[in-house]
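Here's the structure, in structure tokens; my notes come after.
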Amino acid sequence: MSYPSITSQRGMKAMIRKWHHTFAANPRTADQMLFSLSRVFTFGIDEEMIEKNPCTGIDRLYTGSRKESVWTPELIALFRAKAKPHMLLAFEMAIHTGQRQGDLLALTWKQYDGTHLSFQQGKTKKRVRVKVHSKLKTMIDALPQDKLES
């Protein structure tokens with residue numbers, strides 16, 4: 001089956017760039033929409049319907065950074081030294097599992113087998129099994145069994 005190649009038409013990238021800029025008031029949303037469109041073109045390439053992705057090379061509008069939110073080793077050490085036990089447990093759970101707050105708050109003893117924590121992520125519904133770091137294992141094993149129940 002032969003498909004017409006809309007991506008080989010001159011000016012396609014310029015049309016997409018113009019469309020992308022119509023959402024410039026919300027740069028993150030604009031970039032998410034561009035990413036979604038790019039995924040459609042990638043599907044077309046994978047299915048051999050088109051040869052190239054006209055979204056490739058279009059500059060993103062959002063330039064924000066989260067580097068001010070990243071904890072340095074010094075901040076981590078300071079928090080560990082000063083935190084109250086219940087906050088330290090929450091911190092260690094988050095830092096060693098990488099799970100979202102809601103998924104950690106919903107954690108029960110049934111999800112801990114002594115070596116791993118099992119999650120069904122609330123946002124993606126994906127099942128994840130995370131090996132428990134030795135530092136976190138020591139903390140969890142010392143808890144009364146009712147502390148992980150939601």
Begin from the C-alpha positions of Thr97 and Leu104 and carry the test side-chain contact (heavy atoms from CB on, under 4.5 Å) through to its verdict. CA-CA 9 Å; Thr97 67; Leu104 291 171; 3.6 Å; yes
Verdict with supporting geometry, Leu88 and Arg80, side-chain contact (heavy atoms from CB on, under 4.5 Å): CA-CA 6 Å; Leu88 186 57; Arg80 283 178 170 150; 3.9 Å; yes
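With sequence neighbours excluded, no residue forms a side-chain contact (heavy atoms from CB on, under 4.5 Å) with Asp59. Taking Thr22 as the reference, nothing meets the side-chain hydrogen bond (donor to acceptor under 3.5 Å, both in side chains) condition, with sequence neighbours excluded. Residues passing the side-chain contact (heavy atoms from CB on, under 4.5 Å) test with Gln121, sequence neighbours excluded: Gln99, Arg100, Asp103, Thr124, Lys126, Val128.
Phe43 has its side chain out of reach of Asn53: every pair of non-hydrogen atoms, C-beta onward, lies at least 4.5 Å apart. Put simply, the side chain of Thr29 does not reach to within 4.5 Å of the side chain of Tyr62, judged on heavy atoms. In this structure the side chain of Phe119 never reaches within 4.5 angstrom of the side chain of Arg127, judged on heavy atoms. Considering only heavy atoms from C-beta on, Tyr112 stays 4.5 Å or farther from Leu107 through its side chain.
Crowding of Phe79 atom CZ: a count of heavy atoms from other residues, nucleotides or ligands under 6.0 Å exceeding 12.
Nearest heavy atom pair, residue Leu136 against residue His96, reads CD2-CB, 4.0 Å. Of all heavy-atom pairs between Lys125 and Gln120, the closest is O-NE2, 3.4 Å. Looking at every heavy atom in both residues, Pro54 comes nearest to Ile16 through CG-CD1, 3.6 Å. The two residues Leu61 and His21 have their closest heavy-atom pair at CD2-CE1, 3.3 Å. Ala24 and Pro27 get closest at one heavy-atom pair: O-CD, 3.4 Å. Residues His20 and Leu34 come closest through the heavy atom pair CD2-CB, 3.7 Å.
Under the 4.5 Å side-chain heavy-atom criterion for grouping Ile, Leu, Val, Met, Phe, Trp and Tyr, Phe35 is not connected to Phe23 through any hydrophobic cluster. Cluster annotation: Leu78 is not connected to Ile95 through the hydrophobic network of ILVMFWY side chains, with a link wherever side-chain heavy atoms come within less than 4.5 Å. Met12 and Trp19 fall within a single hydrophobic cluster, where Ile, Leu, Val, Met, Phe, Trp and Tyr side chains are chained together by heavy-atom contacts under 4.5 Å. Linking Ile, Leu, Val, Met, Phe, Trp and Tyr whenever their side-chain heavy atoms come within less than 4.5 Å puts Met139 and Leu143 in one cluster. Taken together through direct or relayed side-chain contacts under 4.5 Å among Ile, Leu, Val, Met, Phe, Trp and Tyr, Leu37 and Ile45 form part of one hydrophobic cluster.
The NE2 atom of His133 sits 10.5 Å away from atom NZ of Lys131, with the distance rounded to the nearest 0.5 Å.
When atom types are taken as modelled, the side chain of Gln111 and the backbone of Thr108 share a donor-acceptor pair closer than 3.5 angstrom. Counting only distance, with no hydrogens or angles, the side chain of Lys13 and the backbone of Thr56 share a donor-acceptor pair below 3.5 Å. Judged by distance alone, the side chain of Asp31 and the main-chain N or O of Arg60 form no donor-acceptor pair under 3.5 Å.
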